[in-house]
*Asks:* 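The structure that follows is given in the form of structure tokens.
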Protein chains: 4
Amino acid sequence: MPKIVDHDRYRKELLQGSLDLFAERGYGSITMRQIAKGLGVSTGTLYHYFPSKESIFMQLVQELCEQDISSFFAQAPEAHTLEERLQAVMAFVVQNAQFYCQQLVLWVDFFQQTSPSDEGEIHFLRQVWDRTRGTLADYLQLTDPALVDFIVVFIDGLILQHIYSRVYEQGSKDTAWLHQQSQLMIRMILHHEQNFPQPQT
Amino acid sequence: MPKIVDHDRYRKELLQGSLDLFAERGYGSITMRQIAKGLGVSTGTLYHYFPSKESIFMQLVQELCEQDISSFFAQAPEAHTLEERLQAVMAFVVQNAQFYCQQLVLWVDFFQQTSPSDEGEIHFLRQVWDRTRGTLADYLQLTDPALVDFIVVFIDGLILQHIYSRVYEQGSKDTAWLHQQSQLMIRMILHHEQNFPQPQT
Amino acid sequence: MPKIVDHDRYRKELLQGSLDLFAERGYGSITMRQIAKGLGVSTGTLYHYFPSKESIFMQLVQELCEQDISSFFAQAPEAHTLEERLQAVMAFVVQNAQFYCQQLVLWVDFFQQTSPSDEGEIHFLRQVWDRTRGTLADYLQLTDPALVDFIVVFIDGLILQHIYSRVYEQGSKDTAWLHQQSQLMIRMILHHEQNFPQPQT
Amino acid sequence: MPKIVDHDRYRKELLQGSLDLFAERGYGSITMRQIAKGLGVSTGTLYHYFPSKESIFMQLVQELCEQDISSFFAQAPEAHTLEERLQAVMAFVVQNAQFYCQQLVLWVDFFQQTSPSDEGEIHFLRQVWDRTRGTLADYLQLTDPALVDFIVVFIDGLILQHIYSRVYEQGSKDTAWLHQQSQLMIRMILHHEQNFPQPQT
DNA sequence: TATGAATGAGTATTCATTCAT
DNA sequence: CATGAATGAATACTCATTCAT
């Protein structure tokens, strides 16, 4: 009778735990020993669950993708106006800024580590993004793809600045700043909608 | 191989050449041998000009910062309306998207490699950014810092999406897309200005 | 999997099964996991029957020694002339060539793994060999030790060439070749006996 | 100006030095650290000259093959009778027994490490052996291939016994024994030739 | 008894760095 | 100045062995 462990469940726990580590030091700079130590296991155990460092990273990227927005729409509030819906989305982003920062950093790493020939991995990411964009468009009830792209671009930029904000000692670009910028963006979208209303579906 | 007598000038050439290499593989993943090979010199030569791998990277980051917008304002067109100025800025960004992609990737790497205790390095970056923001505000003649931040956020998001666009095989997020999003942003800013005009200085 | 109650009997079965594995990959190159897998058991089980990898190997070597010629003389035909007896011996060798190949390989490995200080192990082997040589001399009724040595040398050389014969694609050094060489050797021994007859005991 | 080293020459020196090490401990059991230490260099240097452990081993095997009998025929004495030529060959073998022991051990290892699919390596060995056998036949002026094979088999067996002789503490199977067995073999060959003379070419 | 998860020292290999030429 | 050979600590990964179940 073997030691009873839910292999797959434990693997995902390790994956979850390694997110912080990869995000903080980067794929190329973190070592397996550091990961093992950070997770509180031995290197041997790590290799019992993952065949290689690359595999941990790739599985982590995939795991993250699956959590992405599903968690938002599980708690998304009913909202009748575009403004309310935008507020809900941005509130969610601001609230999970920390998480998105890590995801962003991981993706940049991912693109450095991946050669264009790794079609499998890249194709997977593409699907996730397309789906995310679609879900967002549906929730916001926006039909203009360019407008959805605009929102995505803005969110990405916001997250990136949040990463950079580590530079500003007293955190002048903290949650308040994220909120302020979000409001600015929402106002702009609303004005834009007023002037160039969406065709009704 | 031209005989370069000016030690410092050669150092900057090497720095310039190493940008592609660091951007493509990441600080932690690239090796000194790969850098040397990519630059067409021996590792010995590399160490003749730089004391360490970290030093190359840090000098590169600084070097990039100095080129930043100075090159833009050296060629910035006279522009009397806000729209013209925004168009000029965004045209410049789109035109140099490739370069900004590399810079973005380098910065993300930089934040992973840097501990908050490296005050020197971080303080330096902060100054550069503040200066950049200031110069941008001056050129656009915008007094609301939130609005300048908004533009910077948008540009960052745009560049990030451009990096991600490697995923889309036929490059559906190419220069045309950058241009489209830029126009959308400019329109929004202009509408916003109409409704909430800047206090005149 | 039959339930084997006899601990010792099962241990010998495992030993028997591990012969192929050690012979094919070598003591230093095979892993406990490979052995376990090859035997169809878990590593835990392996360690239940043997205290260490080295122990499996050493027990295997000893086990092989005990099977050595006992199995031959259990089936050795009555033979009145030297020629008949030589034919019987060589027929046995050729028939069991595969087995002797494995044994040879194991011994070479044994000498690499054993330091001269492991007197116990080495002394054991020596006894086995002396006994083997004695039994062979008795059966063949040869009194000249040099002649017995000669036969042993020849047999060893034959087996070694059989191992090497893996090189020759279409197996030109197969059983037929072993037989041919055996006949040549037997003829030589017989001629030699004619010219230098053994003193009768 | 690089450090001046005859790369290829030094590589062969290292190869030469690693023979003892591989022969004593076996391919699978020796470590790169041990090899490096045994050669008096660092592991880094080892990898500067060889891409992998396997490569050292394979190059060593090839290197040994090339030295094989060429060194004998470089010093082979003129000899008019078959006996003289046999004496010369066996004297050479006995004199270089140590070397042939190492070679034998290496080859056994080689066959364990090599899969039948490594055609390149195996084909190479085959050629060397065929050439060796041919050269030996020419020197001895023996036209019967079976007889040449017999001699080769005997030599191999002799060397193998010499390896085993480590078991016998006081070296009762030393050079004297090798000589005695050689004489026995030579006498047998000569008698055989008397009774079954070679067809004259 | 049997299993296979867990361990951490050890393995092959790499890499930043040094230094003789 | 420039080279690339040399170094050895560090890296990704493996393996004999242990032990909870």
*Asks:* If you assign B:Gly28 and D:Tyr27 each to the DNA chain E nucleotide with the nearest heavy atom, which residue ends up on the more 5' nucleotide?
*Replies:* D:Tyr27
*Asks:* Identify whether any heavy atom of B:Ile30 sits under 4.0 Å from a base atom; if not, whether one sits that close to sugar-phosphate; answer base, sugar-phosphate or nothing.
*Replies:* sugar-phosphate
*Asks:* Evaluate whether atom CD of D:Gln98 has more than 12 neighbouring non-hydrogen atoms of other residues, nucleotides or ligands under 6.0 angstrom away.
*Replies:* no
*Asks:* Would you say E:dA5 has OP1 or OP2 under 4.0 Å from some side-chain N or O of A:His48?
*Replies:* yes
*Asks:* Does a nitrogen or oxygen in the side chain of D:Thr45 sit under 4.0 Å from OP1 or OP2 of F:dT7?
*Replies:* yes
*Asks:* Out of F:dT18, F:dC13, E:dA16, which has the shortest distance to the side chain of A:Thr43?
*Replies:* F:dC13
*Asks:* What integer distance in Å separates B:Lys37:NZ from E:dA16:C1'?
*Replies:* 18 Å
*Asks:* Using atom CZ of D:Phe50 as one end and atom P of E:dA12 as the other, report the distance to the nearest whole Å.
*Replies:* 15 Å
*Asks:* Which whole-number value in Å describes the distance from B:Met32 CE to E:dT18 P?
*Replies:* 10 Å
*Asks:* Within the 4.0 Å heavy-atom criterion, would you say B:Thr31 contacts the bases, only the backbone, or no part of the nucleic acid?
*Replies:* sugar-phosphate
*Asks:* Rounded to whole angstrom units, what separation is found between the OH atom of D:Tyr10 and the P atom of E:dA20?
*Replies:* 16 Å
*Asks:* Do C:Tyr27 and C:Gln112 touch side chain to side chain, with heavy atoms closer than 4.5 Å?
*Replies:* no
*Asks:* To the nearest 0.5 Å, what is the distance between CD1 (D:Ile35) and OG1 (D:Thr43)?
*Replies:* 11.0 Å
*Asks:* Take a 6.0 Å sphere around CD of A:Gln67 and say whether it holds more than 12 heavy atoms from other residues, nucleotides or ligands.
*Replies:* yes
*Asks:* Nearest to the side chain of B:Tyr47 - F:dT11, E:dA16, E:dG4?
*Replies:* E:dA16
*Asks:* Separation of B:Phe57 atom CZ from E:dA16 atom P, in whole Å?
*Replies:* 14 Å
*Asks:* Under 6.0 Å from the CD atom of A:Gln34, do we count more than 12 heavy atoms belonging to anything else shown?
*Replies:* yes
*Asks:* Just the rounded figure in Å: distance from C1' of E:dT11 to CD1 of D:Ile56.
*Replies:* 14 Å
*Asks:* Measure across C:Ile56 and C:Leu15 and return the closest heavy-atom pair with its distance rounded to 0.1 Å.
*Replies:* O-CD1, 3.7 Å
*Asks:* Starting at the 5' end of DNA chain F, which residue's closest nucleotide do you reach first, D:Val41 or C:Gly44?
*Replies:* D:Val41
*Asks:* Once you apply a heavy-atom cut-off of 4.0 Å, does D:Ser52 come out as touching a base, just sugar-phosphate, or nothing?
*Replies:* sugar-phosphate
*Asks:* Going by heavy atoms in the side chains, are D:Phe110 and D:Leu125 under 4.5 Å from each other?
*Replies:* yes
*Asks:* Could you tell me how far apart D:Arg9 (CZ) and F:dA5 (P) are, to the nearest whole angstrom?
*Replies:* 17 Å
*Asks:* In terms of side-chain heavy atoms of A:Arg33, which of F:dA12, E:dG4, E:dA16 is nearest?
*Replies:* F:dA12
*Asks:* Starting the side chain at C-beta, find the nucleotide from F:dT17, F:dA6, F:dA2 nearest to D:Tyr49.
*Replies:* F:dA6
*Asks:* Roughly how many Å is it from CD in A:Glu13 to C1' in E:dA5, rounded to a whole number?
*Replies:* 15 Å
*Asks:* Within the supplied structure, the quantity of interest is the number of heavy atoms (other residues, nucleotides, ligands) at a distance under 6.0 Å from B:Glu54 CD; does it exceed 12?
*Replies:* no
*Asks:* Please tell me which of B:Leu46 and D:Gly40 maps to the more 5' nucleotide of DNA chain F, matching each residue to the nucleotide holding its nearest heavy atom.
*Replies:* B:Leu46
*Asks:* Base of E:dA9, side chain of A:Ser42 - is there a donor-acceptor contact under 3.5 Å?
*Replies:* no
*Asks:* For DNA chain E, produce a single dot-bracket line, 5' to 3'. Pairs: Watson-Crick or G-U wobble, both distances under 3.5 Å. Symbols: ( ) within strand, [ ] crossing, | other strand, . unpaired.
*Replies:* .||||||||||||||||||||
*Asks:* Can you identify which nucleotide, out of E:dT14, E:dT17, F:dA12, has its nearest atom closest to the B:Lys53 side chain?
*Replies:* E:dT17
